[in-house]
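The structure under discussion appears below in the form of structure tokens.
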Protein chains: 2
Amino acid sequence: MKVLIVEDDPLHRSYLHEAVRAALPECDDVIEADNGSSGEVQARKARSEHVVMDLQMSERNGIEAARTIWRERPDTKILFWSNYSDEAYVRGVARIVPEGATYGYVLKSASDERLKLALRSVFIESQCVIDREVRGIQQKSLGNAHGLSDAEYEILVDVALGLTDKAIAQRKRLSLRSVQNRLQQLYEKLDVYQPEGQGSEGWYNLRTRAVAVALSRRVLNTSALERAERDLQEELGS
Amino acid sequence: MKVLIVEDDPLHRSYLHEAVRAALPECDDVIEADNGSSGEVQARKARSEHVVMDLQMSERNGIEAARTIWRERPDTKILFWSNYSDEAYVRGVARIVPEGATYGYVLKSASDERLKLALRSVFIESQCVIDREVRGIQQKSLGNAHGLSDAEYEILVDVALGLTDKAIAQRKRLSLRSVQNRLQQLYEKLDVYQPEGQGSEGWYNLRTRAVAVALSRRVLNTSALERAERDLQEELGS
DNA sequence: TTTTGTCTTGCGGGATCCCGCAGATTTTGC
DNA sequence: GCAAAATCTGCGGGATCCCGCAAGACAAAA
């Protein structure tokens, strides 16, 4: 059994290496990669079916790497090991998991024990393991109340990229008014309407404020934006 | 001689501990804190004049912690040890360094040797040590061409917070038109005007696009925004 | 003093954004 | 199969944004 570790921080990488050795005695080969792209290459070359992957790496992040790995071998088992539980990451992962694939999502703040348990559960038992906290984010984001629907999220991303209503309409094949409708829903859910009545009327530019709020709530993060930006440029180029 | 380490990642913290021990034999006491606020408390209690500080910690980040530490004892020597060289961080640090204080800024990607050298230079020799790469950012940001002036940067932050032109004018005690002038400079420097002539006219909402570009160029980052947001709310509350 | 340059402010107008209203279309639930 | 709910769309208008033009303020250079 082979395990591939994709993690750009040397300290974390060697810690992971140690954890894998300890938790999986049946593992006879541990390979390391220090960024997303070399991770993809290693996975292809070594035909590894077991990957531990950091999100947030410079160059090519974990989500993109995981996507191409899964595209080539949908039965690969991937354990994501991340510092953060940003809604943007959770959404990003959920978006790329293939039908029936097994994966895990563990925070770096978890104990040794939890990490080792997750390694065994995912790689040996083929069981999905999602950290409690991450689970919470998932629930909330999909759950009714203040959670954004996929449609709203997509609009949010386009707005955050700096597109006009007209451009978004064209891109999403909607009428101008529909885009503006969705924007209004977005404003409501992100709660960007000021308290009203106080002297603070007209203080916020709703469009930009929505982006600011989304960022501070971690609904969006920089890496999600960068991914979207690349998609956009690609689309414009063609 | 006492050294205080402020770093939220346990692995990095123990690595730092080791490095301090090795580089500074004259140091007889190493204290640790795992986030900004407890770092401030520890610094106050232990009267430590030597601090190694991570930027980007949850709760209270390194810049805020350093600011209060320096406010209480401006002669404290602080070595910043960070993963990133975002312009936002560099600006943030530059903004809070007291007159004549000695400090350093080393990237986590630097070698053992470089870290130890920096520790000795800053703590023993009272010499400022700025990582080559960070230096580059400093030059560029202050330097003529595409670098933003302080005035432009402030406007950028206000826009990114989602404020209206009118609100910014009031906050900065400027006329509406002046704010818009600065915005135009900003748009030019951030290069948000589309290529023109192609079918891509009017694709970008300049205001939001400027924020997107600033984020992707790391002129802004989430932690800088959060700090600004807190300042804003405070100001609104009063 | 004059000149030059940078910064500020006012005016005006075209484009865009925000959104209420109302009819058309689709989806959902029973 | 039909009614209720949700979504999409066009129209219109007020507010804001983006910006060219030009006059005054102030500082540094000539």
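Just so you know, these numbers come straight off a predicted model, no measurement behind them.
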In whole Å, I'd like the distance from the [atom1] atom of [X] to the [atom2] atom of [N].
{"X": "L206(B)", "N": "dT16(C)", "atom1": "CG", "atom2": "P", "answer": "10 Å"}
{"X": "E152(A)", "N": "dA6(D)", "atom1": "CD", "atom2": "C1'", "answer": "12 Å"}
{"X": "W203(A)", "N": "dC18(C)", "atom1": "CH2", "atom2": "C1'", "answer": "20 Å"}
{"X": "L163(A)", "N": "dT16(C)", "atom1": "CG", "atom2": "C1'", "answer": "14 Å"}
{"X": "I155(A)", "N": "dC8(D)", "atom1": "CD1", "atom2": "C1'", "answer": "13 Å"}
{"X": "L183(B)", "N": "dT9(C)", "atom1": "CG", "atom2": "C1'", "answer": "16 Å"}
{"X": "Y187(B)", "N": "dA15(C)", "atom1": "OH", "atom2": "P", "answer": "18 Å"}

Next on the checklist: Using modelled atom types and a 3.5 Å cut-off, is there a donor and acceptor pairing between side-chain atoms of R73(A) and backbone atoms of E49(A)?
Outcome noted: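 Checking the backbone N and O of E49(A) against the side chain of R73(A), no donor-acceptor pair under 3.5 Å is found.
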
Checklist entry - dC18(C) phosphate, OP1 or OP2: any side-chain N/O from Y204(A) under 4.0 angstrom? => result no

Checklist entry - Can you find a side chain N or O atom of Q184(B) that sits less than 4.0 Å from OP1 or OP2 on dG20(D)? => result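 Affirmative; the distance criterion is met.
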
Next on the checklist: Any residue in residues 168-182 of chain B with a heavy atom nearer than 4.0 angstrom to DNA chain D? Just list them by number, or reply none.
Outcome noted: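 Under 4.0 Å from DNA chain D: R177(B), Q180(B).
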
Next on the checklist: If you count every heavy atom of other residues, nucleotides or ligands that lies below 6.0 Å from Q185(A) atom CD, does the total exceed 12?
Outcome noted: yes

Checklist entry - Around atom CD of Q180(A), are there more than 12 heavy atoms of other residues, nucleotides or ligands at under 6.0 Å? => result yes

Item to check | Parallel, tilted or perpendicular: ring planes of F80(B) versus Y105(B), cut at 30 and 60 degrees | outcome: tilted

Checklist entry - Would E133(A) and S85(A) count as having a side-chain donor-acceptor pair, cut-off 3.5 Å? => result yes

Next on the checklist: Applying salt bridge (Lys or Arg N to Asp or Glu O under 4.0 Å) to R217(B) and E87(B), what does each step give before you reach the verdict?
Outcome noted: CA-CA 8 Å; R217(B) 292 209 193 147; E87(B) 187 178 328; over 6 Å; no

Item to check | Criterion salt bridge (Lys or Arg N to Asp or Glu O under 4.0 Å) on R60(B) and E226(B), from CA distance to verdict | outcome: CA-CA 10 Å; R60(B) 195 161 174 77; E226(B) 277 167 1; over 6 Å; no

Checklist entry - Is there a side-chain contact between N61(A) and L55(A), using heavy atoms and a 4.5 Å cut-off? => result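 Sidechains of L55(A) and N61(A): no contact.
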
Checklist entry - From dC17(C), dC18(C), dT16(D), pick the nucleotide closest to the side chain of N205(B)? => result dC17(C)

Next on the checklist: Using the side-chain heavy atoms of T164(A), tell me which of these nucleotides is nearest: dC18(C), dC17(C), dG20(D).
Outcome noted: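 The nucleotide sitting nearest to the side chain is dC17(C).
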
Checklist entry - Would you call K108(A) and D9(B) a salt bridge, taking side-chain N to carboxylate O under 4.0 Å as the test? => result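 Salt bridge between K108(A) and D9(B), a charged N being under 4.0 Å from a carboxylate O: no.
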
Checklist entry - If we fit an axis to the first five pairs and another to the last five of the helix from dT1(C)-dA30(D) to dC30(C)-dG1(D), what angle do they make, to the nearest 10°? => result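 Here the helix ends are tilted 40° relative to one another.
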
